[in-house]
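Note sheet for the following structure.
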Amino acid sequence: MKYYNSHAHIFNMQYVPENFLRVQLNDRLANIVHWLLQQKVLSDIVLWTAKKLIRKGTSAKTIAFLMIGIKKTQDMVFEDLLKNYPAGDEVKCIILPIDFTYMGAGNLNISYEQQLQDLFEVKMKYPNQCFPFVAIDPRKGTATENRDFVKHYIEKGFSGIKLYPALGYFGFDERLWDVYTYAEQNKIPIMTHASTGGINYVGKIAPVDFVYPKAFYKIDEKKPYEFPQGEKKIADYCDQFNDPDNFREVLINFPELKICFAHIGLNAKNKIGKEKPDPNYPLFKWYETIKELMETYDNVYTDISYSVAYPGFFTWFLQLYNDFPPSLQDRILFGTDYFMTVMEEHGNDNEIFAESLRQLTPELFTKLALTNVERYLKIELKTAGS
Amino acid sequence: MANLSFYVTFLIALVFILAVGSNILSITYEIYAYYIKQRSGFLKKAIQDVLNDSRVKEVNLTELFYNHPQIDITKKTYRHLPAYISGKNFAQALMDVICRKYEIKYTRIEHPPDGDARMVRPDLPEDQLEKFRLGLNDLPYGDLKILLTGFVSNSSKELNSVQHTIETWYDEYMNRVNGWYKVRVQKRMLVLAAIVVVAINFDFFTITSTLLTDKELTSQIAAVAEKQQRVKLDSISNPEQLKQALSQRRVLLDSLYKLNAPIGWQQTDLKQMKTYDWVIKLLGWFISAAALSFGAPFWFDILAKLVNIRKTGIPPAKANS
């Protein structure tokens, strides 16, 4: 069987900023374990003991997450990912790197450029299975510099562009203008994170750009974004970056842009099947926005990654899928969000894969995991002068 | 004469206890170094100092070097770094890392609409040295670039010659690194010695005063000391050696306890000790820690000399003399 996982990560802890886990993990026990691992004191004993003692609950899941994250190289994580699928299957994965440089969690041990070089080596090793995207953060440079950066990697063999706004920028940042122009002209797929929670900006002071972003349009005409100054919990306000609504202006300017809003807009607060959903959270608001954008623009996609790990997801999804017009059904992708999902109760990729095969007909699985993804990935690079 | 003979016996017993104590300390240190991966960590830091320039953020050559198959294969698991890298391995792997980095930079992968991915490699010269030169030119300007460019300029125009120059330089650098490592070990040994002497109550004054007053015990210890072979201590690099070291330490400690050597906490009544006693004890521990940190080879050498003196010059003192 041939299929794609359209949303996976294989970066490990060596690419994240020095304070990444301290600020990202809420679980104290896992934090202590990670701290001990970083000190290299009795690291093997710590790992072994943690694995033996912590077998249930959030801590066990966090330890499982760390166990993948501390793998030495990206190709080792990639090989671990492939092991989740039946031997003999022709599985292909879209690999999404993240540029952590500007997330406010300290210095990087290994630069983002090297993360990409290492990822390219994985691509060289698995040319027909690994489909890396190049992540771009508008703060990296000017609009032209960002375009050139992306162009270099696309021409090298990267398959698309990754945006992760929660790290501290809006999708309508003017420094992404040239990137969108290039992507639209060449039908290069873009994947943007579109759910609350996850990794986000953790700096203690919100830059002025957060409140008055450098935007395509006159931002002063709108209400300034709310980001407290000098408070510790700026992270709580970072969901605003991910709101798919921010891409309306982008799509007005680039209506042909091939962009996928990940996770079908769902998030931890409105987990399907959750006994007590957060009453204050507007359920499925982002999903509704994504659906509306898909109806308006022909090249807007969504994927079911991460959300697919929520219990009861398929019951909800299949109901609405059947009501979708075919043009929308063609733009939904199967993905898992490996290895972020290992934190969920049944979040291992092999479990997600098995459950997907149980819940979806073979035809539907092939549509979501192959036909639609191949269409999404199709680049039409225009050579100079054409 | 009998008195002199007793003092030699006393010295043999004292030095023997110090030698065994040092050995216990050395083994404890090796166990500690094994767990914290000190040797491999120190080597990596030394290599990092050469390969990584703090001003150049784009590339982390140390990681590339350690992930190169030639080095990677020497790791027991991916989490265990090698504690030793030969000059030849270093030179070959480093040169290849620089060549590969350049090659990968200009390699691209094409995806034809129907068919498998195709790798398009840059046109590179056949000559390895030329390839290395190109890679070197492509490195960001920094200390490593200056160093390697110097090596290439000063070598004859052959790959082996450049490789040999890097190898020689690395070996010399490692000699210095070994020196730094020894200094670091000595400092840590002193700290560890302080912990060990308190843990097993290795009090220099208690030992000497007991040996001076209990002549029978002194003779017994000296008799064992004469038969005692020096315990060979290797660095620990695998769990098997660790197991051996742990049992060796147990045997040595037992040998001291069996001889009733004046160490340990059994005969110390802490409640009876006054401030003056504590001051003397602290001083005793301090002297012991300093003595033990000289290392087992030092004390075993002195022991051998003392045993020789007794065998050739002075007849052994009788236990009741």
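So that the names make sense, note that chain A is the first sequence line, chain B the second, and so on, each numbered from 1.
For A:Lys123, the parts sitting under 4.5 Å from any heavy atom of chain B are the backbone and the side chain alike. Using a 4.5 Å cut-off between heavy atoms, B:Arg100 touches chain A through its side chain atoms alone. Both the backbone and the side chain of B:Thr107 come within contact range of chain A, with heavy atoms under 4.5 Å apart. Contacts of A:Tyr126 with chain B are absent, with no heavy-atom separation under 4.5 Å from either backbone or side chain. No part of B:Tyr32 comes within reach of chain A, as not one of its non-hydrogen atoms sits under 4.5 angstrom from that chain. Of the two parts of A:Glu155, only the backbone, made up of N, CA, C and O, holds a non-hydrogen atom closer than 4.5 Å to a non-hydrogen atom of chain B.
Note that the CZ atom of A:Phe120 and the CD1 atom of B:Ile109 stand 4.0 Å from one another [nearest 0.5 Å]. To the nearest 0.5 angstrom, B:Leu64 atom CG is 8.0 Å from A:Ile110 atom CD1. To the nearest 0.5 Å, atom CD1 of residue B:Ile104 and atom CD of residue A:Gln117 are 5.5 Å apart.
Heavy-atom minimum distance, A:Met124 versus B:Arg121: CE-NH1, 3.9 Å. Across A:Thr73 and B:Asn67, no two heavy atoms sit closer than the pair CG2-ND2, 3.4 Å.
No more than 12 heavy atoms of other residues, nucleotides or ligands sit less than 6.0 Å from atom CZ of B:Arg118. The 12-atom threshold is not exceeded at NZ of A:Lys151, counting heavy atoms of other residues, nucleotides or ligands nearer than 6.0 Å. Counting non-hydrogen atoms of other residues, nucleotides and ligands closer than 6.0 Å to NZ of A:Lys140 gives a total above 12.
Side-chain contact between B:His111 and A:Ile379: absent, with no pair of heavy atoms (C-beta onward) separated by less than 4.5 Å.
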